[in-house]
2 protein chains.
Amino acid sequence: MNSSIPDIQCPPTAGSHTAALDLAEAACRTRGASLTAIRREVLELLYRSPTGVKAYDLLAQIKEARPGASPPTIYRALDFLIEQGLAHKIGRMNLFVACRHASHQIPSLFLVCPKCSGVTELQEQSVMSALSNSLAAAGHRLESPEVEISALCPMCVGAR
Amino acid sequence: MNSSIPDIQCPPTAGSHTAALDLAEAACRTRGASLTAIRREVLELLYRSPTGVKAYDLLAQIKEARPGASPPTIYRALDFLIEQGLAHKIGRMNLFVACRHASHQIPSLFLVCPKCSGVTELQEQSVMSALSNSLAAAGHRLESPEVEISALCPMCVGAR
DNA sequence: AATACAATGTTATAACATTGCATTTCTTAT
DNA sequence: ATAAGAAATGCAATGTTATAACATTGTATT
């Protein structure tokens with residue numbers, strides 16, 4: 001700090017997400033992992049795409065800042081973010097989304113709209129525990145915190 | 001029919017599934033669709049792979065009988081079977097499975113084992129109705145009868 | 001300086017899926 | 001029976017998604 005004059009904040013560009021990114025970075029630190037520049041940039045792009053992004057779209061966007069970026073660049077970043085619980089992959093759509101519930105470690109439901117491909121992350125303790133019990137009764141064990149469901153989103157339900 | 005002597009049944013080759021295939025064919029007929037030879041063969045291959053099979057593995061198998069088969073051959077057949085509710089796609093694994101509950105139209109849970117990639121189809125009315133209610137409360141509507149879940153299968157749970 | 005290790009760069013290729021168009025086969029109305 | 005139209009298939013090319021394999025860089029420790 002070189003002055004008593006408070007710095008003007010970075011202009012709140014539509015979607016800077018600085019606070020969330022800083023939180024994510026801190027969370028990684030506490031786990032001994034590091035949210036490097038690339039990873040942070042990818043995560044920011046995810047934050048800006050609330051309904052999910054394709055890997056190669058991410059690649060195209062990242063290339064604007066890093067012309068040398070290649071598929072492994074983003075797939076590695078995505079793998080890291082998923083490992084850290086900061087992002088999820090929607091298998092049926094090959095879509096990646098930022099996790100909106102990073103703080104808690106409860107399994108999430110991902111509602112994938114078959115009309116608009118939008119993804120909504122939902123947490124429903126009651127559903128998940130019913131689910132978990134049924135699986136256990138059948139000898140299975142719920143492992144990953146990701147349950148994918150096709151469900152029309154409110155907008156598409158309305159646009160009948 | 002040309003005789004009073006009853007035909008000897010086709011030898012019950014491990015996995016002929018003739019009865020199920022005939023049922024499927026009849027079901028298609030009632031819907032005005034037709035389970036052609038190719039589609040029937042693909043469905044039979046699905047029946048023989050209870051834990052799911054990849055599209056290009058199907059292709060390789062089909063090629064033994066039909067050397068000219070190409071990717072569209074199987075993807076078209078798979079699309080048809082899925083439309084008819086005779087098969088499902090497991091998005092996260094790019095895996096296709098025959099439907100084991102073709103008779104009823106209740107949504108199914110697909111348990112995908114992250115260790116062995118095995119797929120189990122499960123029907124749990126209680127879970128599904130809890131789910132359906134929660135979604136409705138959030139303004140969504142359950143659309144497709146396919147819910148994918150990562151869960152260790154009983155074998156892999158045991159093999160700790 | 002030498003080593004160790006995580007992250008990234010680079011090139012190539014594997015794996016999965018669709019498009020477009022030509023041809024054949026199956027219905028069905030006449 | 002047969003022509004018209006629809007459905008299914010053959011086939012080549014291409015598009016999309018993801019990983020393998022190996023080299024390089026940066027940084028921290030010894």
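Side-chain atoms are counted along with the backbone in the values below, which use heavy atoms only and exclude waters and symmetry mates. Order of the sequence lines fixes the chain letters, A, B, ..., with proteins taken first and strands second; residue numbering starts at 1 for each chain.
Remark: C1' of D/dA7 and CZ of B/R29 are 13 Å apart, rounded to the nearest angstrom. A straight line from CG of A/D79 to P of D/dA18 spans 10 Å, rounded to a whole angstrom. The CG atom of A/L35 sits 18 Å away from the P atom of C/dA6 (whole-angstrom rounding). The separation between A/R39 atom CZ and C/dG9 atom P is 11 Å, rounded to whole Å. Separating the CZ atom of B/R92 from the C1' atom of C/dA15 is a distance of 19 Å, rounded to the nearest angstrom. The separation between A/M93 atom CE and D/dA18 atom P is 13 Å, rounded to whole Å. Summarising the geometry, the separation between CZ on B/R40 and P on D/dA8 is reported as 17 Å, rounded to the nearest angstrom. Rounded to whole Å, the distance from CD on A/E41 to P on C/dA7 is 16 Å.
The CZ atom of B/R40 sits 10.5 Å away from the SG atom of B/C28 when rounded to the nearest 0.5 Å. One distance of note links CG of B/D22 with CG of B/L35; it measures 9.5 Å at 0.5 Å rounding. Expressed to the nearest 0.5 Å, how far CG of A/L86 lies from CG of A/L78 amounts to 11.5 Å.
Aromatic rings of B/H88 and B/F96 (six-membered ring for Trp) have centroids beyond the 6.0 Å cut-off, not under it.
Close to C/dA17, at under 4.0 Å from its OP1 or OP2, lies a side-chain N or O of B/K89. For D/dT17, one of the phosphate oxygens OP1 or OP2 lies less than 4.0 angstrom from a side-chain nitrogen or oxygen of A/K54.
At least one donor-acceptor pair under 3.5 Å links the side chain of B/S129 to the backbone N or O of B/Q125. Between the A/R39 side chain and the A/S34 main chain, a donor and an acceptor come within less than 3.5 Å of each other.
Taking five base pairs at each end of the helix from C/dA1-D/dT30 to C/dT30-D/dA1 and finding the rotation axis that steps the C1' atoms of four pairs onto the next four gives two axes whose angle is 20°, to the nearest 10°.
Looking at A/L21 and A/L43, their side chains come closer than 4.5 Å, going by heavy atoms from C-beta outward.
Less than 4.0 Å separates DNA chain D from at least one heavy atom of each of the following residues of residues 56-77 of chain A: A/Y56, A/P71, A/P72, A/Y75, A/R76.
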Output, in order, the C-alpha distance, side-chain angles, deciding distance and verdict of side chain to side chain contact (heavy atoms under 4.5 Å, CB included) for A/E148 and B/V147. CA-CA 6 Å; A/E148 290 182 22; B/V147 176; over 6 Å; no
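A/R92 and A/S150 are linked by a side-chain donor-acceptor pair at a separation below 3.5 angstrom, with hydrogens and angles left out of the test.
Remark on DNA chain D: of its neighbouring residues B/I38 and B/N94, the 5'-side contact belongs to B/I38, judged by nearest-heavy-atom nucleotide.
Of the candidate nucleotides D/dA8, C/dA17, D/dA18, D/dA8 has the atom nearest to the side chain of B/S34.
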